[in-house]
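Quick notes on the structure that follows.
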Amino acid sequence: MEQNTSLLRSARLEKAATPTGHFAVLAIDHVGSFAATIRPDDPDSMSTEDIWAHKLPLINGVGPAGGAMLVDPGFLEGTGFIRSDALSQTGLILGIEDGDYADVLTAPRFLPGWSVRRAARLGVDAVKISMFFQPGGDTSAAEAFVTKVVDQCRKQEMPLFAEPLALYDHPHERSEAVTEGVRLFGHLGADVLKLQFPEPAENTSEEAWADACLQIDRLSPVPWAILSEGGDYDLFRRQLQVACRAGASGFLGGRAIWREAATGEGTLDAAAARLRELNSIAVTEGVDWRSRK
C-alpha cells in the first residue's frame, strides 16, 4: 500500500478488519446467486423482499462471528439496516458494481445510480468492486473501471477491495490466470485484492497450492485475501490455511459458510461456528494488513 495512505482511510480499513489486522468477512452481497441458492428450481420467484428476509437472519446470526460483512446496496438502503449491538464492532463493506457474477461479457460498471460518494453517505467502512477479465485479452475497460473507482475512493477517503475474476478454459490455466489478475490490477491503487484461490480444486497437492500462493504474495503490492467462490467449506478451510501461511491477510467467504443455513439444511449456529473457525485461521496464520504498508 502506498505510503500516503490517509489516516481516515486507514482507520476505515481497520474497522473492516479484525482488531489483529486480518480480514474475516462474511460475504452476503449476492443477489441473483443468493436466490438461486435458496430456490434453485425457480430463483425468479424470489422477490427483493424475499431475499432481504432470508438475508437478515444470516447477517444477525452469523455476522458477529467475523470481523466484517460484505453486503449489497439494495439490502443496506432498502431495509434501512442498522447494526445491532451484537454487530456494533463488525465492519461493513458495500459491493457497488453491477455484476452479481452473471454478465461476464459486459464492461464492469457501477450499479445504476451508485457511486463511492453515495456509499460513503451510508456510513460503510469500505467498498468492493469485481471485474471479469481474460488473460491475454483486452482488459482496458476493466483497468479503466478500477482506476475510476480508485479516484472516487481517494476523494471520499474510502478503502477499496478490488476483485479481479479470471476467466479461463481449462483448470490447469487457473493459476496463471489468477496471477495475471494481480499483475494487471494490483498496481492500480486498490487497498486490498480479493482473489480466487490460485489452484483448481482438481489439484490436491498442497505443495503446489503453497507455491502458487507464494507467487501471488511476491507479486501483490497490497494486502490480499481469498474468496470462497461458492465452494465446499472443508476445501475452503484448507485453502485459507495455505494462503494465510503464504502471506494472505484473510478471506471473504460466502456460500461456503452460509449455504446450508440459508436453505434450512443447516443451522445459523453451525454457520457461525464455520465463520469463527475461519476467523481463527486468518488471525493465527495470516499477515496483518498493516504490516504491508
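Every heavy atom of this structure was used, including side-chain atoms; hydrogens, water molecules and symmetry mates were not.
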(request) State, yes or no, whether a side-chain contact exists between Leu76 and Leu92 at a heavy-atom distance under 4.5 Å. (result) yes

(request) May I ask you to decide if Ala256's main-chain N or O and Asp232's side chain share a donor-acceptor pair within less than 3.5 Å? (result) no

(message) Whether the side chain of Arg259 engages the backbone of Thr37 through a donor-acceptor N/O pair (distance < 3.5 Å, no angle test) should be reported.
(response) no

(request) Say whether, by atom type as modelled, one donor and one acceptor occur between the side chain of Glu173 and the main chain of His170 under 3.5 angstrom. (result) yes

(message) For Gly189, is there any backbone N or O sitting under 3.5 Å from a side-chain donor or acceptor partner on Arg154?
(response) yes

(request) Write down the atom of Gln156, the atom of Ala120, and the distance for their closest heavy-atom approach. (result) OE1-CB, 4.0 Å

(message) Checking the side chain of Lys194 only, and the main-chain atoms of Ser130 only, is there a donor and an acceptor separated by less than 3.5 Å?
(response) no

(request) Mind telling me whether Trp289 and Phe23 have parallel, tilted or perpendicular rings, with 30° and 60° as the class edges? (result) parallel

(request) For residues Arg255 and Glu229, report the shortest heavy-atom separation together with the two atoms involved. (result) NH2-C, 4.5 Å

(request) Considering non-hydrogen atoms only, spot the tightest contact between Gln134 and Thr139 and give its length. (result) O-CG2, 4.0 Å

(request) Go through Val182 and Leu195 one step at a time and tell me if the side chain to side chain contact (heavy atoms under 4.5 Å, CB included) criterion holds. (result) CA-CA 8 Å; Val182 178; Leu195 300 174; 3.7 Å; yes

(request) Please determine if Asp217 and Arg292 form a salt bridge, counting it only when a charged side-chain N lies under 4.0 Å from a carboxylate O. (result) yes

(request) With the side chain counted from C-beta on, respond yes when Ile216 and Pro198 share a heavy-atom pair under 4.5 Å apart, and no when they do not. (result) yes

(message) Between Glu206 and Arg238, does any NZ, NE, NH1 or NH2 come within less than 4.0 Å of an OD or OE carboxylate oxygen?
(response) yes

(message) Quick check: is Val150 connected to Leu111 through a chain of hydrophobic side chains (ILVMFWY, heavy atoms under 4.5 Å apart)?
(response) yes

(request) State, with a plain yes or no, whether a side-chain heavy atom of Glu260 is found less than 4.5 Å away from one of Tyr233. (result) no

(message) Can you pull out every side-chain hydrogen bond (donor to acceptor under 3.5 Å, both in side chains) where at least one residue sits in residues 85-96? Sequence neighbours excluded, please.
(response) none

(message) Check this for me: does any side-chain nitrogen of one of Arg237 and Asp234 sit under 4.0 Å from a carboxylate oxygen of the other?
(response) yes

(message) Can a donor-acceptor pair be found, under 3.5 Å and without considering hydrogens, that links the side chain of Gln239 to the backbone of Phe197?
(response) no

(message) Pairing donors with acceptors under 3.5 angstrom, does anything connect the side chains of Tyr168 and Glu180?
(response) no

(message) Contact between Ile28 and Leu70 at the side-chain level, heavy atoms closer than 4.5 Å - yes or no?
(response) no

(request) List the atom of Gly67, the atom of Thr18, and the distance in Å for their closest heavy-atom pair. (result) CA-CG2, 4.2 Å

(request) Determine the minimum heavy-atom distance between Val116 and Gln152, stating which atoms define it. (result) N-OE1, 3.1 Å

(message) Under a 4.0 Å threshold between the charged nitrogen and the carboxylate oxygen, would Glu202 count as salt-bridged to Arg174?
(response) no

(message) Are Trp258 and His54, when compared by the centres of their aromatic rings, separated by less than 6.0 Å?
(response) no

(message) Would you compute the distance between atom NE2 of His22 and atom SG of Cys244 and round it to the nearest 0.5 angstrom?
(response) 7.0 Å

(request) Go through the side-chain N and O atoms of Ser140 and Asp138 and say whether any donor and acceptor fall under 3.5 Å apart. (result) yes

(message) Any heavy-atom pair between the side chains of Leu13 and Asp125 that's under 4.5 Å?
(response) no

(message) Distance check, rounded to the nearest 0.5 Å: Asp72 atom CG versus Ile96 atom CD1?
(response) 12.5 Å

(request) Would you give the length of the straight line joining atom CG of Leu58 to atom NZ of Lys55, rounded to the nearest 0.5 angstrom? (result) 9.5 Å

(message) What verdict does the side chain to side chain contact (heavy atoms under 4.5 Å, CB included) test give for Phe110 and Lys148, after you've listed the backbone C-alpha separation in whole Å, the side-chain angles of each residue and the deciding distance to 0.1 Å?
(response) CA-CA 11 Å; Phe110 285 121; Lys148 172 184 176 180; 3.8 Å; yes

(message) Looking at Gly95, is its backbone amide N or carbonyl O close enough to the side chain of Asp29 to form a donor-acceptor pair, meaning the two atoms are under 3.5 Å apart?
(response) no

(message) Counting the benzene-type ring for Trp, do Phe81 and Trp52 have ring centres under 6.0 Å apart?
(response) no

(request) For the residue pair Glu265 and Thr263, confirm or rule out a side-chain donor-acceptor distance under 3.5 Å. (result) yes

(message) I'd like to know if the side chain of Asp50 reaches the main chain of Ser47, judged simply by a donor and an acceptor atom lying under 3.5 Å from each other, with no hydrogens or angles considered.
(response) yes

(message) Just so I know, are the side chains of Val192 and Leu160 near enough to count as touching, which here means a heavy-atom distance under 4.5 Å?
(response) no

(message) One thing to verify: whether Glu77 and Arg118 come together as a salt bridge, which I'm taking to mean a side-chain N less than 4.0 angstrom from a carboxylate O.
(response) yes

(request) Enter the distance from Leu26:CG to Ile93:CD1 here, rounded to the nearest 0.5 Å. (result) 10.5 Å

(request) Mind checking the CD-OG spacing from Glu285 to Ser249? Nearest 0.5 Å is all I need. (result) 13.0 Å

(message) I'd like to know if the side chain of Arg109 reaches the main chain of Glu97, judged simply by a donor and an acceptor atom lying under 3.5 Å from each other, with no hydrogens or angles considered.
(response) no

(request) Kindly give the heavy-atom pair with the smallest separation between Pro159 and Cys153, and that separation in Å. (result) O-SG, 4.4 Å

(request) Answer yes if the ring centres of Phe161 and Trp224 are under 6.0 angstrom apart, and no otherwise. (result) no

(message) With a 3.5 Å distance limit and no angle check, can you tell me whether Thr79 reaches the backbone of Phe75 through a side-chain donor-acceptor pair?
(response) yes

